[in-house]
Amino acid sequence: MSVATRIRDVVSGDSDVRTVTRVGTIGALTVATILVAIPLYWMVATSLKTSVQIGVFPPYLVPPTPTIDPYVDALQTGPWAQWFLNTVVISGGSTLFVLALATPAAYVLGRREFPARKPIYVLFIGILMIPAQILLIPMYTLFSRLGLINTRLGLIVAYSAFFLGFVVFLLHSFFTNLPDNVEDAARIGGVPEWRTFLRVILPMAKPGIATAAIFVFVFTWNEFLFALTFLQTQDLYTISVGLQQFQGLRGTVVYNQLFAMSTLATLPLMIAFALFSEQFIKGMAGLNFK
Amino acid sequence: MKLEIENLRKEFGDLVAVDDVSMTIEDGEFVTFVGPSGCGKTTTLRCVAGLETPTSGALRIGGEDMTYASPEERGTAFVFQDYALYPHMTARKNMSFALESTSMDSEEISQRVEETAEMLGIREHLDQTPGELSGGQQQRVALGRSIVRDPKIFLLDEPLSNLDAKLRVQMRAELQQLHREIESTTIYVTHDQEEAMTMSDRIAILNDGSLQQIAPPEVAYSQPANEFVAGFIGSPSMNFVECTVADGSVTTGAFSVDAPGGAETATTLGIRPENLSLGHGTDGHVDAEVAVFEQVGSFNIVYLEIDGLNEEVVAQVSGEQQFDPGDRVSVTVDTDRMHLFADDGETLHNPPVFTKQPAAAE
């Protein structure tokens with residue numbers, strides 16, 4: 001913005017308000033960015049320090065002699081490749097499973113008339129209000145009877161159950177905002193219903209589905225409590241459970257190795273977000289909770 | 001294909017959207033449903049298309065009972081008000097999508113799409129998505145999507161209401177041209193009575209879910225079946241003045257004119273704005289003061305306060321006649337063009353329909 005326009009904006013009362021709003025918005029976003037960026041930076045910075053440099057006070061803001069030794073050492077501490085794979089399978093599986101169930105459900109609840117439509121939707125919303133911690137013990141008991149404890153499938157089922165309500169809620173609002181009549185237009189043309197759903201509705205709902213997918217994937221990627229409780233064999237651990245061993249294994253926390261593995265664990269998410277950020281933003285903008 | 005609607009009724013819960021509507025639409029006819037918002041015209045159309053199931057009544061297409069048939073069995077095409085195009089597909093794909101679910105081979109599909117696009121003048125836009133097209137082009141794609149299916153009956157639900165005024169007039173002419181080429185039975189829904197008057201073979205006027213009149217435009221205009229039709233068709237609207245009929249004359253609060261026969265129980269006199277003429281003398285039926293003068297151009301509109309009348313009366317005068325608010329004028333009623341209505345709104349007297357003048361003999 002040139003100085004001239006800025007002055008003009010300030011002089012005219014109307015844009016004055018807009019300038020204040022703009023400054024406020026930019027300020028708030030800057031604070032939010034700093035709050036998110038500092039821990040991330042500290043994690044990466046610490047992962048490049050030697051164990052001696054970590055203990056120094058005042059701490060080094062920038063590692064004085066960056067080293068990748070913590071990464072090399074940390075990778076020796078366990079079957080990290082296996083844990084990484086487990087996490088991919090469990091997160092990916094949960095995401096696919098939830099979407100496969102929630103997308104048709106949200107579509108029908110959002111765009112079709114049938115008896116008890118509202119109560120059923122409220123039931124899905126109700127799932128959102130149950131804290132996960134309350135379900136931990138009952139689910140453990142139930143799953144152990146079903147032989148699902150200490151399996152990847154068990155964790156996928158558990159995660160899917162949690163996210164079903166949330167994803168139905170999210171996609172429901174997305175489906176209700178799609179233009180009216182597109183199904184009718186296809187129906188009059190004699191297009192089978194399943195084809196209309198796959199070829200017309202799903203492509204239109206892509207931003208919403210991408211948003212839901214990212215939410216589920218990120219949360220299940222980071223999830224700790226259920227993974228720790230349900231997975232008992234070391235071979236089945238996810239990364240978040242694996243990271244725990246740096247803590248208290250020898251009485252102290254090995255921070256540089258912990259942060260090295262944390263950095264590696266965060267990387268795929270950052271890459272995924274960068275790839276889908278446009279869809280994600282479109283999805284968030286398209287949401288209209290009513 | 002001939003369409004018969006018999007005692008059609010559609011309820012949504014307590015609301016009666018369509019109430020006992022019956023009509024027969026002949027093969028190749030262009031019929032317009034017109035009426036105010038919520039009059040049931042779109043619901044009737046959706047019942048014909050099979051998008052709504054009638055509560056009672058029957059529908060026959062080409063003599064075959066289709067009351068409960070699925071939309072695709074009926075062979076109708078529907079153009080929606082908001083077009084309902086598939087936003088992620090190109091215009092070409094929008095038009096071919098439904099055909100791809102049929103047994104038609106892909107070569108014929110693409111040939112049909114090309115031909116239709118040619119006819120509608122959108123050939124160069126076939127590979128664009130709806131978002132890249134203007135409103136008029138989207139409208140044409142929506143029409144094209146219907147035409148490629150070669151439907152027995154075209155159903156158009158306010159297809160022009162999202163276009164700007166100029167484009168609307170242009171598309172109106174194009175639609176008529178298209179109807180002449182395709183010759184398929186067409187039902188056109190609109191709330192714009194000008195569209196109804198200009199486009200149709202017959203217009204069906206609906207109000208509160210029931211059919212008021214179905215007639216050719218000139219008949220609906222000159223011989224409305226009741227007060228509602230009289231007031232709805234024509235712009236500016238017909239003037240209605242309270243009256244009594246006795247001893248061969250119609251008497252209002254301000255003036256008396258000779259009464260036609262058979263209208264003794266009339267309580268309302270209807271007179272169209274163009275059937276009032278204004279002069280500066282005192283030789284008219286009644287004197288009035290100009291309240292508002294609206295300059296239109298080819299004609300002008302004058303709002304009058306007639307001495308002794310509570311109702312405001314509107315007159316339409318030729319473009320050269322100019323007035324100012326406050327002017328005193330003398331009003332003459334064209335007594336050949338009066339309408340008389342009974343207390344329940346039914347018509348008791350109508351003027352004759354205007355007919356084509358016979359060509360002058362050379």
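In what follows, chains carry the letters A, B, and so on, assigned in the order in which the sequence lines appear, proteins first and then strands, with residues in each chain numbered from 1.
- Minimum interatomic distance between R187(A) and G50(B) (heavy atoms only, all atoms of both residues): NH2-O, 3.5 Å.
- Counted within 6.0 Å of CD on E181(B), heavy atoms from surrounding residues, nucleotides or ligands total more than 12; the atom is thus considered enclosed.
- Scanning all heavy atoms of the two residues, the minimum distance from A84(B) to A185(A) falls at O-CB, 4.0 Å.
- Neither the backbone nor the side chain of L99(B) comes within contact range of chain A, judged by heavy atoms closer than 4.5 Å.
- For V182(A) against L85(B), the heavy-atom pair with the smallest separation is CG1-O, 3.7 Å.
- We find the CG-CZ distance between D184(A) and R46(B) to be 4.5 Å, quoted to the nearest 0.5 Å.
- By number of non-hydrogen pairs under 4.5 angstrom with chain A, the leading residue of F78(B), F97(B), Y83(B) is F97(B).
- The backbone N or O of G190(A) lies less than 3.5 Å from no partner atom in the side chain of R149(B), so there is not a single donor-acceptor pair.
- For Q81(B), no part sits under 4.5 Å from any heavy atom of chain A, backbone or side chain.
- In terms of heavy-atom pairs under 4.5 angstrom with chain A, the leader among S70(B), P71(B), A49(B) is P71(B).
- Using non-hydrogen atoms only and a strict 4.5 Å limit, no part of residues 102-128 of chain B faces chain A.
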Does the pair E100(B) and V191(A) meet the rule for a side-chain contact (heavy atoms from CB on, under 4.5 Å), with working shown? CA-CA 8 Å; E100(B) 284 163 13; V191(A) 181; over 6 Å; no
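- Residue A77(B) touches chain A through its backbone alone, counting heavy-atom pairs closer than 4.5 Å.
- Within a 6.0 Å sphere centred on CZ of F80(B), heavy atoms belonging to other residues, nucleotides or ligands number more than 12.
- Residue E11(B) qualifies as enclosed at atom CD: its count of foreign heavy atoms under 6.0 Å is above 12.
- R145(B) touches chain A through its side chain: at least one heavy atom from C-beta onward sits under 4.5 Å away, while N, CA, C and O do not.
- To the nearest 0.5 angstrom, H88(B) atom NE2 is 8.5 Å from K206(A) atom NZ.
- Counting non-hydrogen atoms of other residues, nucleotides and ligands closer than 6.0 Å to CZ of F197(A) gives a total above 12.
- The choice from S101(B), A142(B), P151(B) that makes the most heavy-atom pairs within less than 4.5 Å of chain A is S101(B).
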